[in-house]
Novice: 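After the structure tokens below, expect a handful of questions from me.
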Amino acid sequence: MSSAPVSVLFVCLGNICRSPLAEGVFLAAAESRGLGSRFEAESAGTAAYHSGEPPDPRTTAVAARHGVHLTSIARQATRRDFERFDLIVAMDRSNRRSLERLRGHRPRPGAARIVMMRDYDPAPGDPDVPDPYYGGADGFERVYRIVERCCEGLLDELDDGSG
Ligand code: 4NP
């Protein structure tokens, strides 16, 4: 029996560095596990500064180096995302606070759960995926490795149904 795909929204601040990378890496990892039809993913930013733009060229480059092609266009997260998605994955604690404000104190029944990306890190440490925007290329490589580990950890959880 087939059921509706699990839908995941990855959220950072600008939606041009961390969350589009997470979206692309998550979908590629699901595909390589043969689970492509079981999951849907998008990404969004808590801010609108970069709405309408493709990912930062440094994000596109690090993804390409690891064989991941990014296609998303930046947009700001909205209240409706809590109805459209099953799970909303915040990249850092500031993103989570912004999402909680957007959702309000009394979420509708069935509203998406907000979780932290690094809750799924098999090598936990810092609770945040660091923002690489103001740093150099090494920061983007570091973010890639964190995002990749967390996407695999998230898929492990979602795949055994405990989400
Ligand atoms: P992101 O990184 O939240 O991972 O997309 C940033 C992108 C842009 C800005 C900050 C962080 N900015 O200030 O424009």
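Predicted model, so just to flag it, every value in this text is computed and none were measured. In what follows, every heavy atom counts, from backbone to side chain, and hydrogens, waters and symmetry copies are set aside.
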Novice: Should the pair Arg93-Glu100 be classified as a salt bridge under the 4.0 Å nitrogen-to-oxygen rule?
Specialist: no

Novice: If you round to the nearest 0.5 Å, how far is CZ of Arg96 from CE of Met91?
Specialist: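 Met91 CE to Arg96 CZ: 13.0 Å, rounded to 0.5 Å.
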
Novice: Is the number of heavy atoms from other residues, nucleotides or ligands under 6.0 Å of Glu53 CD greater than 12?
Specialist: yes

Novice: Once you round to the nearest 0.5 Å, how far does CG of Leu27 lie from OG of Ser43?
Specialist: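 Between atom CG of Leu27 and atom OG of Ser43 there are 9.5 Å.
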
Novice: More than 12 heavy atoms of other residues, nucleotides or ligands under 6.0 Å from CZ of Arg142: is that the case?
Specialist: no

Novice: With heavy-atom distances below 4.5 Å as the criterion, would you say the side chains of Val8 and Glu23 are in contact?
Specialist: no

Novice: Should the pair Tyr144 and His66 be assigned to parallel (<30°), tilted (30 to 60°) or perpendicular (>60°) ring geometry?
Specialist: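 Plane angle under 30°, so parallel.
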
Novice: Identify the two heavy atoms, one from Arg75 and one from Glu42, that lie closest to each other, and give their separation to 0.1 Å.
Specialist: NH2-OE1, 3.4 Å

Novice: Spell out, yes or no, whether Ile16 and Val68 are grouped together once hydrophobic residues are joined by side-chain heavy atoms under 4.5 Å, including indirect joins.
Specialist: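 No, because Ile16 and Val68 fall into different hydrophobic clusters, even though each may have its own neighbours under 4.5 Å.
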
Novice: Asp92 and side-chain hydrogen bond (donor to acceptor under 3.5 Å, both in side chains): which single residue from Arg18, Arg97, Arg118 fits?
Specialist: Arg18

Novice: Output the distance between atom CD (Glu83) and atom CG (Asp81), rounded to the nearest 0.5 Å.
Specialist: 9.5 Å

Novice: Would you give the length of the straight line joining atom CD of Glu152 to atom OG of Ser32, rounded to the nearest 0.5 angstrom?
Specialist: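 Nearest 0.5 Å value for the CD-OG distance: 6.5 Å.
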
Novice: Looking at Asn15 and Gly45, what are the two nearest heavy atoms and their distance?
Specialist: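 Scanning both residues, the minimum pair turns out to be CB-N, 3.3 Å.
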
Novice: With ring-ring contact (aromatic ring centres under 6.0 Å, His included) as the test, pick out the partner of Phe10 among Tyr120, Phe39, Phe26.
Specialist: Phe26

Novice: Looking only at non-hydrogen atoms, find the nearest pair between Gly14 and Ala74 and report the distance.
Specialist: O-CB, 4.1 Å

Novice: Side chains of Asp159 and Arg38, heavy atoms from C-beta outward: is any pair under 4.5 Å?
Specialist: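 Touching, per the 4.5 Å side-chain cut-off.
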
Novice: When clusters are formed from ILVMFWY side-chain contacts under 4.5 Å, directly or step by step, what else is grouped with Val11?
Specialist: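 ILVMFWY cluster around Val11 also holds Leu9, Phe82, Phe85, Ile88, Leu99, Leu102, Ile114.
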
Novice: Could you tell me which non-hydrogen atom of Ala90 sits nearest to which non-hydrogen atom of Asn95, and how far apart they are?
Specialist: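 Scanning both residues completely, I find the closest heavy atoms to be CB-CB, 4.1 Å.
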
Novice: Should side-chain heavy atoms under 4.5 Å link Ile, Leu, Val, Met, Phe, Trp and Tyr, which residues sit in the same cluster as Tyr49?
Specialist: Leu13

Novice: Honestly curious: do Leu154 and Val115 fall in one hydrophobic cluster under the side-chain, below-4.5 Å linking rule?
Specialist: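 Looking at the clustering, Val115 is in the same group as Leu154.
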
Novice: Are Arg58 and Tyr133 in a cation-pi contact, defined as NZ or CZ under 6.0 Å from the six-membered ring centre and within 45° of the axis?
Specialist: yes

Novice: List the steps, then state whether side-chain contact (heavy atoms from CB on, under 4.5 Å) holds for Val143 with Val129.
Specialist: CA-CA 7 Å; Val143 164; Val129 178; 4.1 Å; yes

Novice: With a 4.5 Å limit on heavy-atom distance, are the side chains of Met117 and Val147 in contact?
Specialist: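 The answer is yes, as the side chains (C-beta and beyond) meet within the 4.5 Å cut-off.
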
Novice: Kindly write out the residues that satisfy side-chain hydrogen bond (donor to acceptor under 3.5 Å, both in side chains) with Asp86, not counting sequence neighbours, or none if the list is empty.
Specialist: Ser7

Novice: Nearest 0.5 angstrom please: Arg84 CZ to Glu40 CD, how far?
Specialist: 9.0 Å

Novice: Can you name the closest pair of heavy atoms from Leu155 and Ala29 and give their distance?
Specialist: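 Minimum heavy-atom separation between Leu155 and Ala29: CD1-CB, 3.5 Å.
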
Novice: Step by step, would you call Leu87 with Glu157 a side-chain contact (heavy atoms from CB on, under 4.5 Å)?
Specialist: CA-CA 12 Å; Leu87 196 63; Glu157 290 239 358; over 6 Å; no

Novice: Could you check whether any side-chain N or O of Gln76 sits under 3.5 Å from a backbone N or O of Thr46, counting only pairs where one atom can act as donor and the other as acceptor?
Specialist: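 A pair under 3.5 Å: yes.
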
Novice: Any Lys/Arg nitrogen of Arg33 or Asp156 sitting under 4.0 Å from an Asp/Glu carboxylate oxygen of the other?
Specialist: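 Looking at Arg33 and Asp156, the cut-off is met.
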
Novice: Write down the atom of Cys150, the atom of Asp121, and the distance for their closest heavy-atom approach.
Specialist: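 Residues Cys150 and Asp121, closest heavy atoms: SG-CB, 3.7 Å.
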
